[in-house]
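Just the heavy atoms: all of them, side chains too, but no hydrogens, waters or symmetry mates, feed the values below. Nothing here was measured: the structure is a model prediction, and the numbers come from that model. Here is the naming used below: chain letters follow the sequence lines, and residue numbers restart at 1 for every chain.
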Number of protein chains: 2
Amino acid sequence: MSVSSPSEPDSPGAQHSPHVPDVPEEELKVCAVCGDRATGYHFHVMSCEGCKGFFRRSILKGVHFTCPLARSCPITKAKRRQCQACRLQKCLDVGMRKDMIMSEEALSQRRALRLQRRLAQARPAGLTAEQQELISILIAAHKRTFDSSFSQFQHYQPAVRLCIPGPCSPSPPGPGVPLASLSPPLEYLDEDVLPDVFSMLPHFADLSTFMIQQVIKFAKEIPAFR
Amino acid sequence: MSVSSPSEPDSPGAQHSPHVPDVPEEELKVCAVCGDRATGYHFHVMSCEGCKGFFRRSILKGVHFTCPLARSCPITKAKRRQCQACRLQKCLDVGMRKDMIMSEEALSQRRALRLQRRLAQARPAGLTAEQQELISILIAAHKRTFDSSFSQFQHYQPAVRLCIPGPCSPSPPGPGVPLASLSPPLEYLDEDVLPDVFSMLPHFADLSTFMIQQVIKFAKEIPAFR
DNA sequence: ATCAGTTCACAGCGTTCA
DNA sequence: TGAACGCTGTGAACTGAT
């Protein structure tokens, strides 16, 4: 590409360009379609707001214009509105890409997401200050008592690793039939393993006790329980 | 729809005037035909509502006026109705363009489209904006997840083509019974094939799983499910 | 900062009706 | 006939995601 002129203040890779609003914005930014002042790259082409909007609308609506003349109308800032057919053709000629326009699907998806956020933000507005307070209390209590890393459960590991012959049995990888995998085949359970299951009852009791304690701890954090 | 623009040397404020509230609203807006107060550009010429309507009607009806005098009647706001021939001539002289008047064809097309929209809009009038939005979300989700070409089902074709010997008895190809063409000649179907029906159960299971997955996919597209 | 989409006031077309 | 109005494309100014 051309070497930047000496007057170019904000060369690419400039460190802090402290936003030079007064600098004579050289007219390198010219719309490739109509010659109007461009505002940046749109759909891969340096172009103005007008041609940007025109291209998106035209593609999105899927219209097909017809030039009343010889399909070679000059496209300038002043004349660009005279012939839509030639304007759209010029857009394509200079390389505007249809595929950079979001599909109607992607748009509705994006809109739905935004609507959801709006609603989520508007919802808590309908709550009273008291309700807000209660929510934050509950969240705080949960945070303080919930062992998200499960590190406390380390103390309750059984001394002997017990392998339950469940779904991880040496069965051939089925052709994607998850529903059937919920019931392990009984053939793999033999009598030798069963006695150990009963020996773990005390262990489960301890575990249950611990978990109940956790719930009580949580409840105690909530003022309403007093 | 093409929109006319000011003449090519883009005059100041030709586009959206960047809001100049203090500018003395000089009556630069003068009809180029009759001198009346103009309401904007019409058919490429700054003109009043009267000359605008007159020009369109005249062209549309294709009439040909004749001046009773010397074809040089003065056209002013007060006298413009006196001579249609000279008024139309003046319109053309100052540059009004016939080609900016929509053809009867384009008009009827536009009218039909509008009528259609009226009817479509009268129907869902009982729905709130929120409901409308929900509908479009559902439609978008369906479009995105429904495999209208059923191309995905290609993966679930049974390895062996199975023909179910149904009600079509060994009759000669009846005249004009296209449904029969779906089942190949029965001579090729013997008893050996029937047991295979049961062997296809896993296949149906896979198929069901796939379809359930599709339904889940659809549900996930709906924000309310989060 | 850039570049997608979104908003909205306006320009200019046709339409209506007194 | 023409003032008032409805409708749609336009583009400057915005929001928002990256």
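B:Q84 comes within contact range of the sugar-phosphate backbone alone, with a heavy-atom separation under 4.0 Å but no base atom that close. Within the nucleic acid shown, B:K77 has no heavy atom closer than 4.0 Å to any nucleic acid atom. Across all strands shown, B:G50 has heavy atoms under 4.0 Å from sugar-phosphate atoms exclusively, and none from any base.
To the nearest 0.5 Å, atom OG1 of residue B:T76 and atom CZ of residue B:R81 are 10.0 Å apart. Atom OG1 of A:T209 sits about 10.5 Å away from atom CE of A:M211, to the nearest 0.5 Å. The line from CZ of B:R87 to OG of B:S58 is 8.0 Å long, rounded to the nearest 0.5 Å.
Classified by interplanar angle (parallel below 30°, tilted 30° to 60°, perpendicular above 60°), the ring pair A:F43/A:F55 is tilted.
With rounding to whole Å, B:M100 atom CE is found 5 Å from C:dC13 atom P. Taking atom CE of A:M102 as the reference point, atom P of C:dG5 lies 6 Å away to the nearest angstrom. The CD-P distance, from B:E104 to C:dG14, rounds to 11 Å in whole Å. Atom-to-atom, CG of A:D36 to P of D:dT10 comes out at 14 Å; the value is rounded to the nearest Å. Distance NZ (B:K29) to P (C:dC10): 11 Å, rounded to an integer number of Å. Distance, B:L107 CG to D:dT8 C1': 14 Å, rounded to whole Å. The distance between atom CG of B:L60 and atom C1' of C:dT15, rounded to the nearest whole Å, is 12 Å. Rounding to whole angstrom units, CZ of residue B:R97 and C1' of C:dG12 are separated by 14 Å.
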Query raised in the report: So A:R110 and A:E105, salt bridge (charged side-chain N to carboxylate O under 4.0 Å, His left out) or not? Walk me through it.
Result: CA-CA 9 Å; A:R110 214 175 74 132; A:E105 299 170 2; over 6 Å; no
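A:K61 has no side-chain polar atom (N or O) that falls below the 4.0 Å cut-off from OP1 or OP2 of D:dT8. Within the structure, every side-chain polar atom (N or O) of B:R111 is placed at least 4.0 Å from both OP1 and OP2 of C:dG14. Dashed line: the shortest gap from a side-chain N or O of A:R110 to OP1 or OP2 of C:dA4 is not under 4.0 Å. Contact annotation: B:R80 side-chain N/O to D:dG2 OP1/OP2 distance is under 4.0 Å. Checking the phosphate oxygens (OP1, OP2) of D:dG11, a side-chain nitrogen or oxygen of A:R87 falls inside 4.0 Å.
Closest contact between the side chain of A:H42 and the listed nucleotides C:dG12, C:dG14, C:dA4 involves C:dA4. Side chain of A:R81, nearest nucleotide from C:dC13, D:dA13, D:dT10: D:dT10.
For B:R56 and D:dG2, a side-chain-to-base donor-acceptor distance below 3.5 Å is absent, hydrogens and geometry of angles not being considered. The base of C:dG14 lies close enough to the side chain of B:K52 for a donor and an acceptor atom to sit less than 3.5 Å apart.
Residue-environment remark: CD (B:Q109) stays at or below the threshold of 12 foreign heavy atoms within 6.0 Å.
The nearest heavy atom of DNA chain D to A:R57 and to A:R114 marks one nucleotide each, and the one closer to the 5' end goes with A:R57.
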